[in-house]
Amino acid sequence: MAFSNADAAAGFDEIADLLEVRGGHAFRARTYRNAARVLGGLGREVGDMLATGEPLEALPGIGADLAGKIAEIAATGTCELLAQLRREIDPGVRELLRLPAVGPRRAQLLYRELGVKSLEQLRMAAEDGRVRKLRGFSIALERRLLQAVKASLKRDRRHPLATVLPVAQALADELGRVPGVRRVLAAGSVRRMRETVGDLDLLVEAPPGTGVMEHFALSPQVTEVLARGSTRSSVLLAGGLQVDLRVVRPASFGSASLYFTGSKAHNIALRRLALDAGLKLNEYGLDRGKRRIAGATEESVYAALGLAYIEPELREDRGEIEAARSGRLPSLVRLADLRGDLHVRTRGSDGTQTLREMALAARRHGLAYVAIADRSKRPGMASGLDAERLARQIDEIDALGETLDGVTLLKGVEVDILEDGSLDMPDAILRRLDLVVGSVHQGFALSRAKQTARLQRAMDHPYFSILGHATGRLIGKRDPIDLDIEAVIHHAKARGSFIELDAQPLRLDIDDRACRIAKQEGVLVSIASDAHGPHDFDFLRLGIGQARRGWLEPADILNTRPIEEVRALLARTMGRFAPSSKEKTPWTASSSSAIRTPA
DNA sequence: GCCGTTTTCGGCCCGACTGTTTTCAGTCG
């Protein structure tokens, strides 16, 4: 049975929820919550640690007891404590905790007093007027819960980063025009470039009494004001996005930026560090006793805590604080470091522009080279290249001249990795290219072992440069394929292949965690726009965000390198062990059989 | 349940907002 960190993390999160609802175990619950977070953010599999006998107690927040429970979950899929809690409290009660204004206390009351253990039962109880009679409840709260139940049934909790960024920009611009406002910062997970965003957090620097709260609440996009105070307000936008606004004075802008940027885990770690040093950190500043020693800038707070400045994308309590203390923080890659893009499309498949137009669009985005990698055609697909059309495109690029008005074109293709790991394009044509991107576009449901082997076999192909969007996920729409990503990246290292970070807004594939594994393994990452049109090069910004979250530096990226170096690196992936005419590898046979000749 | 330059017990991040148990618990970020 496949066991992953996520399984143990999910178990611990459920234990924490149920302990909170049961009551009287606040700190114990927090321990499980913390352990779940540690497991979720770990750059390696605890299953491997168990297999090699490495002590799990070495992990932060994991002691002997939790180590035992992880082993128990790995072996049996659950643990005795969880089973016992599930017998005591219906697991459905957890649903209630997801509602705004419902925490452990209220969930417990609803469950114990009214027997409510699902959203549907809460709806009925609220409509019957039974909820308002509970201690600490009211008619107003009952009404609010009823609304929340109805809304939660049709609303996604998290929004893709790409859809929130423009909203954040528009709101920030609007608030920036309010008289008295000096600065607006989109903080929170948007600033940390998390792939999805729960709430949008805006921080405004303004003296008291500027009327910015009134302006905010009356903004045309706002459909509901959830809370409104003098320094803090929350509203709901038409699209269902919650926006929290905080107003602070200049002297506190740095500490408030830290607080509002998060992550929560990072903040807790910083505050703990402050406590250890006899200091107190909150959103107003860093204090020693009654004396303020830092707060106007984030740098001042970090410095006073003995830390180098930590970039927002790193603030997840995944080792960045230790790195900042010992001067080992990475110098993160920036958008301007990218010199090329190794995966763009044209009208040759499902793109909208010609070769020349895409090349020039790339140049306008400051890129010096661009690889054309149209999709190969598989049965039932309307557009896509077969061998014949790919051959024509190669001739076309040659005729156009590889260097076109200061931008170099590379010849590539994005082939399908078929279920047996073979590629759907004959070697005879692949060998004429500068690079081959191989990706999974069907067969998403294979087992973990089969998917892993499939991708590893694809990388064994003599013409295979870059593994495209490895997990195939579409954020919020399609789950990633079940995959041992560590094993795949390890194999890429052994084969000399590269891994793509496809920067399409819903892909962002590989994700930040896998980026970090690639860095540890020493596998270069290709940050690719997968552009279908001239404006899609803007997606690179999203890819850079994920790469930074994965601790990547310019040297960890394939396409930060000059064209000569990239050519040389790619050349090594092309025709690595091309078979002689006598010894046919299975791949020759397999890819031949996979060729779909046009009717 | 974890953890340790105030250590093996007694802490565990900190403050705003809401509603009402009118002095603070519950929730949230």
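- Of the listed nucleotides (B:dC13, B:dG15, B:dC12), B:dC13 has the atom at the smallest distance from the side chain of A:I268.
- Checked against B:dG15, B:dC17, B:dG29, the side chain of A:Q242 finds its nearest nucleotide in B:dG29.
- Along DNA chain B, the nucleotide nearest to A:R144 and the one nearest to A:L281 differ in position, and the one closer to the 5' end is contacted by A:L281.
- Rounded to whole Å, the distance from CG on A:L97 to P on B:dG26 is 14 Å.
- The CG-C1' distance, from A:D276 to B:dC13, rounds to 12 Å in whole Å.
- Checking B:dC12, B:dG29, B:dT27 against the side-chain heavy atoms of A:F27 singles out B:dC12 as nearest.
- Spacing of P atoms, B:dG19 relative to B:dC12, comes out at 30 Å, to the nearest Å.
- Here the rule is side chain to side chain donor-acceptor pair (under 3.5 Å) with A:T471, and of A:D482, A:D509, A:D479 only A:D509 fits it.
- Distance noted for atom P between B:dG1 and B:dT6: 28 Å (whole Å).
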side-chain contact (heavy atoms from CB on, under 4.5 Å) for A:D17 and A:R33? Distances and angles first, verdict last. CA-CA 8 Å; A:D17 281 346; A:R33 188 87 62 208; 3.0 Å; yes
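- Distance, A:L245 CG to B:dC17 P: 11 Å, rounded to whole Å.
- Side chains of A:S189 and A:R194: a donor-acceptor N/O pair is absent below 3.5 angstrom, by distance only.
- Nucleic acid contact for A:G103: sugar-phosphate only, since backbone atoms but no base atoms lie under 4.0 Å from a heavy atom of the residue.
- Contact annotation for A:A140: no contact, since no heavy-atom pair falls under 4.0 Å across all strands.
- Nearest to the side-chain atoms of A:R106 among the listed nucleotides B:dG15, B:dG26, B:dC12 stands B:dG26.
- Remark on DNA chain B: of its neighbouring residues A:R105 and A:R135, the 5'-side contact belongs to A:R135, judged by nearest-heavy-atom nucleotide.
- For A:R272, taking side-chain heavy atoms from C-beta onward, the closest of the listed nucleotides B:dC12, B:dT18, B:dG1 is B:dC12.
- A:E142 has its CD atom 17 Å from the C1' atom of B:dT18, to the nearest Å.
- Contact annotation for A:S234: no contact, since no heavy-atom pair falls under 4.0 Å across all strands.
- Considering every non-hydrogen atom in both A:A470 and A:L483, the closest pair reads O-CD2, 3.9 Å.
- Side-chain proximity of A:Y284 to the nucleotides B:dT18, B:dG29, B:dA16 is greatest for B:dA16.
- In this entry the distance linking CD of A:Q108 with P of B:dT27 reads 10 Å, nearest Å.
- Between the side chains of A:E120 and A:S118, no donor N or O sits under 3.5 Å from an acceptor N or O.
- Residue contacts shown for A:L141 are absent, as no nucleic acid heavy atom lies under 4.0 Å away.
- Comparing the C1' positions of B:dG11 and B:dC17 gives an interatomic distance of 27 Å, to the nearest angstrom.
- Across the C1' atoms, B:dT21 and B:dG26 are found 12 Å apart, a figure rounded to whole Å.
- You'll find that the side chain of A:D65 is closest to B:dC2, out of B:dC2, B:dC12, B:dC17.
- The side chain of A:D244 has B:dG29 as its nearest neighbour among B:dG1, B:dG29, B:dA16.
- Using a 4.0 Å cut-off between charged nitrogen and carboxylate oxygen, A:D65 and A:K69 count as a salt-bridge pair.
- With B:dT21, B:dG1, B:dG29 as the choices, the nucleotide that has an atom nearest any side-chain atom of A:Y32 turns out to be B:dG1.
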Derivation of the side chain to side chain donor-acceptor pair (under 3.5 Å) call for A:Q84 and A:E80: CA-CA 6 Å; A:Q84 183 198 327; A:E80 182 46 39; over 6 Å; no
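- Rounded to whole Å, the C1' atom of B:dT23 lies 14 Å from the corresponding atom of B:dT18.
- When rounded to the nearest whole Å, the span between CG of A:L275 and P of B:dG11 equals 13 Å.
- As rounded to the nearest Å, B:dC13 and B:dT8 have C1' atoms that lie 23 Å from one another.
- The interatomic distance linking A:L96 (CG) with B:dG26 (P) rounds to 17 Å, in whole Å.
- Between the P atom of B:dC14 and the CG atom of A:L286 lies a distance of 11 Å, rounded to the nearest Å.
- Contacts of A:S230 with the nucleic acid, taken as non-hydrogen atoms under 4.0 Å apart, involve only primed sugar atoms and P, OP1 or OP2.
- Here the side chain of A:R30 is nearest to one of B:dA16, B:dC14, B:dC12, namely B:dC12.
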